[in-house]
Structures are given as C-alpha cells and as structure tokens.
Amino acid sequence: MLIVPGPASKELGAAISREIPCKKVDVEHKIFPDGESYLRIAGKVEGEDVVIVQSTYKPQDTHVFQLISLSRTARDLGAKRVVAVVPYLAYARQAERYREGEAVTSKIIAEMLEFSGVDLLITVDVHSEIALKSFRIRTKSLSSVPAVVNYIKNVKGIRDPVVVAPDKEREQHVSLVAERLGTDYIYLTKQRDRLTGKVTTTIDDVSTTKVRGRDALIVDDIISTGDTMLNAINLIRKAGSRDIYAICTHPVLASGALEKLMGSGLKGIAATDTIPSPISVISVASIVASYLSSEKNY
Ligand code: R5P
C-alpha cells in the first residue's frame with residue numbers, strides 16, 4: 001500500500017503513513033498564476049493499492065478537482081486499487097434537493113469520484129449518511145469519537161461534564177462521546193432559515209436542569225460560521241453551566257468564526273485535523289490508519 005498525500009492533506013497523509021507504517025509517495029504541486037493546479041505523482045504506483053489523502057475544505061472546488069485529478073492519474077498510471085481518504089467531505093450538506101432547481105452537489109461529487117476511478121471512499125464523520133447513499137462505490141465514514149474522547153480525557157480541570165449536542169441530528173454522535181466518558185448528554189433544538197441562514201436554538205426545561213452547575217462539552221461535526229456553536233454557548237451559559245468547551249470534527253471556520261467564538265468566554269476549543277486550522281489539535285491519523293491496515297476492509 002502506498003499513501004499519496006494530496007496538497008490539502010500533506011501533514012495528515014504523512015501521519016497516516018507513519019502510523020501504518022507504509023511507503024509515502026509525494027505529490028509535486030503548484031498553482032499557476034491563473035489559479036489552475038499542476039499535479040504530479042512523484043513515484044511509481046503501478047500495481048499498487050494507492051491511497052490518496054485529500055481533504056476538501058476551502059477552497060473546496062480546487063481541492064475537489066485536485067482529488068479527482070490525483071485519483072484519475074493514479075488509475076491511468078496502473079494503480080491496482082485507488083482508495084480516496086477524504087477526511088472532510090465537502091458538499092455533504094447538500095444531499096437533497098430542498099428547493100426546486102437546486103443542484104444536489106453531494107451526488108455530483110459521488111459521480112465525479114466514481115468517474116475518476118476510486119474504488120473505496122473513506123471519510124470521517126460525514127455530515128449526513130444520505131450523502132453516502134449517492135455513491136455506487138464502497139464508502140466508509142469513520143467515527144472521530146475515540147480520538148475526541150481521548151483528547152477530552154487529557155484536558156486538565158474538566159469537572160462533572162455534561163455533553164451537549166447543538167441540534168438533534170448530532171444526538172447519536174454525542175451520546176457515544178458521553179457513553180465513553182461515563183457521563184450523560186442533552187441535545188438542543190435548532191432551526192436554520194434556509195434562505196437567510198439564520199440559526200435559532202432552544203433548550204427545554206429538563207436539559208436546563210441537567211446543565212446547571214456542571215461543565216459543558218458542546219460537540220458538533222462542523223463549525224462553519226460559528227453561529228450554531230455560539231447559540232449553544234449562550235443558551236448553556238444562561239442555563240447556569242460552569243466552564244464551557246467547544247469541540248468539533250471539521251473546523252471549516254468561515255471568515256470571522258474563530259474570533260467570534262474566542263470572544264464568547266469559552267474555556268477551551270478544539271477540533272480534529274480533518275481540516276488544518278489553529279484549533280486542529282486532535283488527530284484522526286490513527287483512526288484512518290487502523291481502518292486501512294485491516295485487510296477485511298478491502
Ligand atoms: C449542521 O447541521 C451541522 O451539524 C453544524 O451544526 C453546522 O454545519 C454548523 O454551521 P455553522 O457554524 O455555520 O452554524
């Protein structure tokens with residue numbers, strides 16, 4: 001097996017190759033003055049199982065195109081199998097046509113990956129399983145929970161924590177975090193206006209009682225604008241919680257999001273390295289490596 005870290009995931013790709021361990025083949029990469037990508041797989045891949053590691057965070061379209069180009073090139077060069085490790089799978093939020101005429105972009109991504117010759121797609125905490133249903137190739141969404149829990153256990157000073165899902169969709173994920181920490185969880189109710197993007201969040205009485213006087217760990221899959229997290233922080237604080245920590249898998253971090261959250265009085269904030277960022281302190285490398293190492297997964 002060869003690991004080929006794409007331009008978007010050089011560090012994570014290298015970390016995965018060290019964890020397995022296996023050979024790494026680098027990608028020569030530059031952006032031309034007009035914005036187009038130059039890519040070259042700088043090693044022999046013929047007859048090999050080739051694992052391209054390329055996350056698709058901002059600029060999403062460039063990173064997606066680089067991913068497609070690398071997979072297609074590995075296939076052209078005679079790779080036996082091509083595995084795409086896409087730690088953050090862009091466009092997974094648009095998995096359905098919510099309004100007439102919308103492009104179902106997650107389905108388009110699925111078709112492009114198939115076209116490029118990918119045999120297996122591996123991602124982490126996909127936003128919605130519906131997004132994976134569009135794929136005709138095999139897919140696997142790995143859970144970041146073991147890495148997140150391991151991180152939380154090593155944060156000094158967290159007392160009597162309750163885990164908080166900022167919306168009902170995250171309940172299952174958060175319940176697993178709570179179970180592994182040996183504590184309980186609550187979930188908030190969130191509504192997002194599809195036209196304006198405005199987020200409204202509420203908390204019920206039972207949950208208010210549960211968080212009072214306790215530390216709160218708010219766990220979400222994505223922080224983009226930060227509005228979901230900020231609403232949760234404000235509600236939980238109002239409900240009387242003690243220290244509040246924010247944790248997410250994918251720090252998409254739209255412009256101004258981090259500043260907004262840093263100024264919210266949080267005790268701590270952390271994310272995984274599916275997307276490199278100043279808060280990406282939890283690595284998913286060993287989770288990906290152990291899946292890749294297991295023969296039964298092929
Ligand atoms: C949405 O359902 C996701 O789980 C996240 O809560 C959402 O993507 C966060 O976005 P934002 O930071 O823009 O509120």
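Numbering of residues begins at 1 and proceeds along the displayed sequence. Ligands are counted one by one from 1 in listed order, and the atoms in each one are counted from 1 as well. For clarity, every value in this text was computed on a predicted model and none was experimentally measured.
Using a cutoff of 4.0 Å between basic side-chain nitrogens and carboxylate oxygens, K10 and D26 are not scored as salt-bridged. A salt bridge is absent between K198 and D193: the closest approach of a Lys/Arg side-chain nitrogen to an acidic carboxylate oxygen does not fall below 4.0 angstrom. Between K107 and E111, at least one side-chain nitrogen of the basic residue sits less than 4.0 Å from a carboxylate oxygen of the acidic one, meeting the salt-bridge criterion. Between R214 and D184 there is a salt bridge, with a side-chain nitrogen of the basic residue lying less than 4.0 Å from a carboxylate oxygen of the acidic one. For D119 and R75, the salt-bridge test passes: some basic side-chain N is under 4.0 Å from an acidic carboxylate O.
Connection of V149 to V163 is established within a shared hydrophobic cluster, with ILVMFWY side chains joined at heavy-atom distances below 4.5 Å, either directly or through further cluster members.
Within 4.0 Å of ligand 1, protein heavy atoms come from R93, H127, D167, R170, K190, R192, D220, D221, I222, I223, S224, T225, G226, D227, T228.
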